[in-house]
Amino acid sequence: MDFVFVEKLLVGLLAAVVGAIVVSKIRGRKLRLPPGPIPVPIFGNWLQVGDDLNHRNLAAMARKFGEVFLLRMGQRNLVVVSSPPLAREVLHTQGVEFGSRTRNVVFDIFTGEGQDMVFTVYGDHWRKMRRIMTVPFFTNKVVQQYRPGWEAEAAFVVDNVRADPRAATEGVVLRRHLQLMMYNNMYRIMFDRRFESMDDPLFLRLRALNGERSRLAQSFEYNYGDFIPILRPFLRGYLRLCKEVKETRLKLFKDYFLDERKKLASTKAMDNNGLKCAIDHILEAEQKGEINEDNVLYIIENINVAAIETTLWSIEWGLAELVNHPEIQQKLRDEMDAVLGVGHQITEPDTHRLPYLQAVIKETLRLRMAIPLLVPHMNLHDAKLAAYNIPAESKILVNAWFLADNPEQWKRPDEFRPERFLEEEKHVEANGNDFRYLPFGVGRRSCPGIILALPILGITIGRLVQNFVLSPPPGQDKLDTTEKGGQFSLHILKHSTIVAKPRVF
Ligand code: HEM
């Protein structure tokens with residue numbers, strides 16, 4: 001570090017301290033801010049609460065500070081909402097006011113400062129992107145068009161696991177098969193393409209780049225430079241790496257998928273019985289001048305992250321819970337045998353006739369919420385929540401995991417008990433009809449992918465439980481279900497090895 005830089009840093013720090021004190025004096029007099037720990041200049045509450053603002057730590061703070069509290073993380077205001085009435089206020093009643101998204105220094109890079117759909121502010125661009133994406137991705141017609149493909153992909157997983165003699169003895173990492181399946185499920189929709197095997201070089205590159213993007217974006221290690229702008233120079237290397245990954249990844253989407261599809265479209269009639277795949281619809285919007293090529297690439301980026309990982313994590317959590325609760329696994333198998341007949345391979349329409357399967361999925365999404373804090377919301381302008389002032393551009397986290405895990409609201413919430421959704425919670429759906437249970441959010445910024453995610457979960461979990469008895473590897477009683485949280489993600493820390501003993505029909 002050179003001397004001039006240190007001098008600048010000290011002057012900057014001093015100016016920021018004075019500025020922060022002045023601002024907090026002016027603000028404190030005028031505004032009624034939500035409760036929270038007392039902040040110190042510059043750092044706010046960062047030194048007190050640390051980096052790992054995961055759903056459990058935030059739930060512990062809610063018990064102390066109440067249903068809404070404020071954390072000052074350096075320059076950023078973070079408002080945490082932890083009760084169903086206030087979740088309703090943020091996501092529904094004041095859905096427009098709180099319907100924007102914050103980004104941080106890293107998400108700015110990965111989304112081209114909001115040229116995508118998921119991380120853009122509430123307004124014309126978001127409305128246009130959501131409209132353009134709806135027909136190709138988020139309708140029942142899409143489900144019906146692609147469900148035979150999803151059923152075929154689940155069948156490939158079953159066949160490949162059956163063909164591996166280790167699966168029935170020492171066990172296999174099912175996630176590896178399921179990951180390929182999820183890529184294929186979504187790449188069929190996007191590009192009418194699939195990857196033959198886990199060793200396909202293009203699949204390996206894509207998976208590595210998506211993995212790196214997630215690691216870089218979900219990590220807490222860049223918080224300091226995001227919260228405290230004068231420390232940002234120390235983040236230069238990290239941000240440079242983010243830019244490299246972003247550029248390489250978008251180039252891969254363009255060279256190997258987008259341009260290939262354009263070439264195909266210009267040389268022969270579209271495949272798939274003349275049916276268009278999603279990117280054909282998106283390219284039409286580009287041709288009409290509604291969006292530009294960057295927007296097209298960011299749509300592909302959004303689907304790679306929002307659709308593939310979240311669904312994969314949920315399948316992985318569901319299987320882990322079923323392995324750790326063999327009686328629930330058997331009950332699910334019995335239901336499918338009884339309703340569908342032994343050996344009949346479950347299809348999408350069957351999933352609607354299997355209430356216990358639906359309950360297992362809902363319980364997985366409750367206890368092991370893939371996005372436990374939703375994707376952060378934001379108010380563009382000064383707003384009011386409960387009796388408090390919320391300064392413009394605050395990051396609003398709805399602790400959806402806590403809403404669904406609060407013992408004051410749920411019976412024995414820490415248990416994995418699908419029966420609750422057939423008994424005391426039988427009216428609760430995953431679509432947000434109850435503000436205690438929001439695995440996909442609710443309202444304007446809720447997850448449009450729910451329409452695809454639920455059938456894929458049903459087909460995949462159903463097929464695996466129909467065809468195998470799943471158990472922990474030899475010498476282990478249970479699978480390790482330690483959680484790994486990120487900025488707003490939650491997945492299983494260790495990808496489990498699972499013994500899959502084929503059933504004989
Ligand atoms: C089990 C799987 C999934 C879960 C748990 C999940 C959950 C969520 C959640 C919690 C949000 C944020 C809601 C909010 O901020 O209020 C979200 C947003 C979103 N999800 Fe999903 N999702 C899943 C699968 C999918 C799939 C399959 C797709 C696409 C095919 C998808 C596309 C999106 C998009 C585009 C958004 C952003 C919506 C917006 O900002 O307007 N998701 N998802």
Side-chain angles (χ1 to χ4, degrees), residues 150 152-187 194-200 203-215 218 304-326 329 332 360-361 364-365 367-372 416 449 452-453 456-474 476 478-486 489-502:
W150 304 338
E153 294 300 338
F156 285 129
V157 173
V158 169
D159 291 348
N160 287 335
V161 175
R162 267 186 196 276
D164 184 346
R166 284 170 313 155
T169 52
E170 66 208 69
V172 287
V173 181
L174 281 181
R175 176 195 155 89
R176 297 187 58 224
H177 294 271
L178 296 167
Q179 186 175 45
L180 177 68
M181 179 200 79
M182 269 316 296
Y183 271 86
N184 283 343
N185 284 349
M186 295 315 300
Y187 273 71
R194 66 182 300 276
F195 305 97
E196 272 308 315
S197 81
M198 284 185 247
D199 307 321
D200 181 323
F203 171 67
L204 290 173
R205 274 187 73 193
L206 188 61
R207 193 184 67 170
L209 281 167
N210 277 343
E212 191 62 352
R213 185 273 193 211
S214 286
R215 188 188 68 74
Q218 290 296 336
N304 270 271
V305 179
I308 295 177
E309 291 188 358
T310 45
T311 315
L312 182 61
W313 296 335
S314 304
I315 298 172
E316 213 181 350
W317 277 124
L319 293 178
E321 291 295 354
L322 290 170
V323 169
N324 287 350
H325 297 87
Q329 189 188 140
L332 175 57
V360 165
I361 292 169
T364 301
L365 295 170
L367 191 61
R368 306 298 194 173
M369 232 174 241
I371 322 269
F416 183 78
L452 312 182
I456 292 176
L457 281 164
I459 294 166
T460 311
I461 292 178
R463 291 262 174 145
L464 286 169
V465 171
Q466 274 185 313
N467 286 285
F468 302 100
V469 174
L470 305 168
S471 53
Q476 236 176 280
K478 294 233 177 244
L479 298 182
D480 178 354
T481 53
T482 308
E483 298 173 342
K484 167 108 174 87
S489 64
L490 175 66
H491 52 92
I492 201 164
L493 176 66
K494 294 189 185 129
H495 304 312
S496 326
T497 297
I498 296 178
V499 173
K501 279 214 173 71

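This chain uses plain numbering: 1 for the first residue, then up along the sequence. Values below: all heavy atoms of this structure, side chains included; hydrogens, waters and symmetry mates excluded. Quick caveat, the model's predicted, so the values are computed rather than measured.
With rounding to the nearest 0.5 Å, the separation of CD1 in Ile492 from OG in Ser314 is 11.5 Å. Thr169 contributes atom OG1, which lies 8.0 Å from atom CG of Asp164 (distance to the nearest 0.5 angstrom). Considering CD1 of Ile361 and CD1 of Ile315, their distance stands at 9.5 Å, rounded to 0.5 Å. How far OG1 of Thr364 is from CG of Leu319: 8.5 Å, rounded to the nearest 0.5 Å. Annotation: the span from Leu312 atom CG to Leu457 atom CG amounts to 10.0 Å, rounded to 0.5 Å. Glu483 contributes atom CD, which lies 5.5 Å from atom CZ of Arg368 (distance to the nearest 0.5 angstrom).
When all heavy atoms are compared, the tightest approach of Val161 to Ala500 is CG1-CB, 3.9 Å. What you find for Phe468 and Val158 is that their closest heavy atoms are CZ-O, 3.5 Å. The minimum heavy-atom distance linking Arg166 with Val172 is given by the pair NH2-CG1, 4.3 Å. Considering every non-hydrogen atom in both Ala154 and Ile459, the closest pair reads CB-CG2, 3.9 Å. Closest approach of Leu479 and Pro473 over heavy atoms only: CD2-CD, 3.9 Å. Here the shortest heavy-atom pairing between Val499 and Ala168 reads CG1-O, 3.5 Å.
Side chains of Pro326 and Leu470 form no contact here, defined as non-hydrogen atoms less than 4.5 Å apart. Residues Thr481 and Trp317 are in side-chain contact: their nearest non-hydrogen atoms beyond the backbone lie under 4.5 Å apart. For the pair Asn304 and Leu209, the minimum side-chain heavy-atom distance is 4.5 Å or more. With contacts defined as side-chain heavy-atom distances shorter than 4.5 Å, the pair Tyr183/Asn210 qualifies. Residues Leu204 and Arg207 have side chains in contact (heavy-atom distance under 4.5 Å, counting atoms from C-beta outward).
Partners of Ser197 according to the side-chain hydrogen bond (donor to acceptor under 3.5 Å, both in side chains) rule, which considers only residues two or more places apart in sequence or in another chain, do not exist here. Partners of Asp480 under the salt bridge (charged side-chain N to carboxylate O under 4.0 Å, His left out) rule, at least two apart in sequence or in another chain, are Lys494. Every residue meeting the salt bridge (charged side-chain N to carboxylate O under 4.0 Å, His left out) condition with Arg175, not counting sequence neighbours, appears here in chain and number order: Glu316. In this structure, Gln476 has no side-chain hydrogen bond (donor to acceptor under 3.5 Å, both in side chains) partners at least two apart in sequence or on a different chain. With sequence neighbours excluded, the residues satisfying side-chain contact (heavy atoms from CB on, under 4.5 Å) with Ala307 are Met186, Ile303. Judged as a side-chain contact (heavy atoms from CB on, under 4.5 Å), and not counting sequence neighbours, the contacts of Ser489 are Gln218, Trp313, His491. By the side-chain hydrogen bond (donor to acceptor under 3.5 Å, both in side chains) test, Ser471 is found to be paired with no residue, residues two or more places apart in sequence or in another chain being considered. Among residues two or more places apart in sequence or in another chain, the salt bridge (charged side-chain N to carboxylate O under 4.0 Å, His left out) test is passed with Arg213 by Glu301. Residues satisfying the side-chain hydrogen bond (donor to acceptor under 3.5 Å, both in side chains) test with Thr497, not counting sequence neighbours, are none. Under the salt bridge (charged side-chain N to carboxylate O under 4.0 Å, His left out) criterion, Lys501 pairs with no residue, sequence neighbours left out. For Leu180, the side-chain contact (heavy atoms from CB on, under 4.5 Å) partners two or more places apart in sequence, or in a different chain, are Asn184, Phe195, Met198, Phe203.
Sorted by first and then second residue, the pairs that involve residues 459-468 and meet side-chain hydrogen bond (donor to acceptor under 3.5 Å, both in side chains), not counting sequence neighbours, are Arg162-Asn467, Gln345-Asn467.
With hydrogens and angles ignored, the 3.5 Å screen pairs no side-chain donor or acceptor of Glu153 with any backbone N or O of Met181.
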**Request:** Check the pair Tyr187 / Leu206 against side-chain contact (heavy atoms from CB on, under 4.5 Å), numbers first and verdict last.
**Result:** CA-CA 11 Å; Tyr187 273 71; Leu206 188 61; 3.3 Å; yes
**Request:** Please step through side-chain contact (heavy atoms from CB on, under 4.5 Å) for the pair Gln329 and Val360, ending with a clear verdict.
**Result:** CA-CA 9 Å; Gln329 189 188 140; Val360 165; over 6 Å; no
